[in-house]
Student: 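I'd like to ask you about the structure that follows.
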Amino acid sequence: RRRLESELEDIRGAGTWKSERVIASRQGPHLRLAGGGAGIINFCANNYLGLSSHPEVIRAAVDALVEFGAGLSSVRFICGTQSIHKDLEEKIARFHQREDAILYASCFDANAGIFEALLTPEDAVLSDELNHASIIDGIRLCKANKYRYKHMDMQDLEAKLKEAQRHRLRLVATDGAFSMDGDIAPLRDICQLAQKYDALVFIDECHATGFLGPNGRGTDELLGVMDKVTIINSTLGKALGGAAGGYTTGPKPLIDLLRQRSRPYLFSNSLPPAVVGSASKALDLLMESNAIAQSMAAKTRRFRSKMTAAGFTISGKDHPICPVMLGDARLASVMAEDMLNRGIYVIGFSYPVVPKGTARIRVQVSAVHSDEDIDRCVEAFTEVGRKHGALS
Ligand code: PLP
């Protein structure tokens with residue numbers, strides 16, 4: 001106990017303690033916080049399309065719960081596969097225009113399970129230095145030769161691909177969209193290099209599936225390389241209903257291999273039916289029409305252009321993750337606090353989550369924000385920014 005308490009004290013002392021605000025309502029653009037705070041406008045969820053509390057998504061979850069029960073009490077290969085799991089896997093593959101898909105309890109698990117199952121000591125993996133923690137951990141678990149290239153730096157990737165020619169197979173792994181900066185991987189260039197140096201491309205589409213590209217298929221659709229990316233991992237826990245769950249989609253023999261070898265799939269419980277039901281309905285809504293994905297793009301443009309006109313620097317481009325760059329960690333934290341006093345829920349990020357001197361407030365726009373919500377957020381930023389000297 002003494003050792004743990006001293007470790008906790010160190011975290012507090014380093015200023016990196018993460019506290020959790022308690023929400024007393026459903027996830028959505030407007031929230032009630034526990035202990036008061038109603039009508040808060042929420043700009044910090046990954047609920048990009050507003051489907052987390054969509055009535056049809058909730059109904060589908062309830063229907064699946066009633067028909068298929070609370071859970072399977074089993075892994076998939078013993079007695080944990082229901083018809084709805086197979087239907088959802090088929091739907092995910094169709095959505096991404098891939099041959100097959102496999103479900104996991106989370107995308108963290110999908111990332112933890114793929115590299116070890118696919119790559120051997122004869123192979124190589126080349127990973128963007130700012131990839132998500134779960135990709136980094138997944139790569140740590142595999143025995144392939146590891147190369148880390150500078151963030152979105154194609155010269156460095158090419159140099160590493162040349163070095164990696166001696167290995168049997170090369171896999172380039174990147175986030176499609178990076179969640180701290182709202183920037184999008186240069187997939188066209190990555191795919192060209194992959195072709196030149198005979199490599200495969202893997203993308204993590206957690207911050208892209210459902211809303212990037214004309215039909216919300218993701219970064220590969222946005223950049224016109226759907227036929228060049230071999231493997232996609234993504235989550236059901238953000239735009240696709242927001243419950244939980246992840247998946248890999250790609251060539252059928254790869255999915256077959258993952259069912260035989262991938263440890264988080266083999267040794268963890270099946271996705272609960274309610275989660276399967278809600279994700280399946282979210283995909284139906286997206287495949288029926290691209291209106292929701294398009295509306296999110298319009299809201300993002302409104303926020304980014306108004307904030308830039310007000311004098312703020314917003315990192316990234318055309319992505320609903322809009323980091324308002326402030327530099328100073330204390331400034332980011334007091335401004336976020338003051339925004340909440342004005343009814344706008346946003347979060348400040350500073351070192352070690354982002355590099356020193358690049359503290360920011362990350363704003364996430366959702367399709368279900370009204371234009372008025374967005375304008376109120378910009379007004380509050382302008383007031384708070386002037387008050388704390390972030391704007392002149
Ligand atoms: N990959 C990226 C890029 C993410 O942002 C996240 C979640 O934060 C994950 C993977 C993990 O997804 P899940 O919540 O489904 O485990």
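Counting starts at 1 for both ligands and their atoms, following the listed order. Just so it is clear, the structure is predicted and the values come from calculations on it, not from any experiment.
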Student: Go through Tyr265 and Thr248 one step at a time and tell me if the side-chain hydrogen bond (donor to acceptor under 3.5 Å, both in side chains) criterion holds.
Tutor: CA-CA 11 Å; Tyr265 178 82; Thr248 297; over 6 Å; no

Student: Within this structure, what is the NZ-CG distance for the pair Lys160 and Leu126, rounded to the nearest 0.5 Å?
Tutor: 8.5 Å

Student: Should the heavy atoms of other residues, nucleotides or ligands under 6.0 Å from CZ of Arg94 be counted, would the total exceed 12?
Tutor: yes

Student: For atom 8 (O) of ligand 1, what's the nearest protein heavy-atom neighbour? Residue, atom name and distance, please.
Tutor: Lys238 NZ, 2.9 Å

Student: Any side-chain heavy atom of Thr308 sitting closer than 4.5 Å to one from Ser305?
Tutor: no

Student: Starting from atom 1 (N) of ligand 1, what is the nearest protein heavy atom, named by residue and atom, and what distance separates them?
Tutor: Asp204 OD2, 2.6 Å

Student: Of all the atoms in ligand 1, which lie at a distance below 4.0 Å from a heavy atom belonging to Asp175?
Tutor: 3 (C)

Student: Among protein heavy atoms, which sits nearest to atom 9 (C) of ligand 1, and what does the distance come to when rounded to 0.1 Å?
Tutor: His132 CE1, 3.4 Å

Student: Which residue holds the protein heavy atom closest to atom 12 (O) of ligand 1, what is that atom called, and what is the gap in Å?
Tutor: Cys107 CB, 3.4 Å

Student: Can you find an N or O of His207 that's nearer than 3.5 Å to an N or O of ligand 1?
Tutor: yes

Student: Could you tell me whether the side chain of Thr81 and the main chain of Lys86 form a donor-acceptor pair under 3.5 Å?
Tutor: no

Student: Check if Ser134 has a non-hydrogen atom at a distance under 4.0 Å from any atom of ligand 1.
Tutor: yes

Student: Could you establish whether Gly245 and ligand 1 come within less than 4.0 Å of each other, counting only heavy atoms on the residue side?
Tutor: yes

Student: For Arg376, does the CZ atom have more than 12 heavy-atom neighbours from other residues, nucleotides or ligands under 6.0 Å away?
Tutor: no

Student: When you look at Glu372 and Arg302, which way does the salt bridge (Lys or Arg N to Asp or Glu O under 4.0 Å) test go after all the steps?
Tutor: CA-CA 11 Å; Glu372 196 198 338; Arg302 185 180 186 95; over 6 Å; no

Student: Which residue holds the protein heavy atom closest to atom 14 (O) of ligand 1, what is that atom called, and what is the gap in Å?
Tutor: Thr235 OG1, 4.2 Å

Student: Suppose clustering is done on Ile, Leu, Val, Met, Phe, Trp and Tyr with side-chain heavy atoms closer than 4.5 Å. Which residues sit in the same group as Ile314?
Tutor: Ile41, Phe43, Phe303, Met307, Phe312, Val324, Leu326, Leu331, Met335, Met339, Ile344, Val346, Ile361, Val363, Val365, Ile374, Val378, Phe381, Val384, Leu391

Student: Nearest heavy atom to atom 10 (C) of ligand 1 wins, so pick from Ala244, Ala243, Cys206.
Tutor: Cys206

Student: Before signing off on this row, confirm whether Phe108 and ligand 1 have an N or O atom pair separated by under 3.5 Å.
Tutor: yes

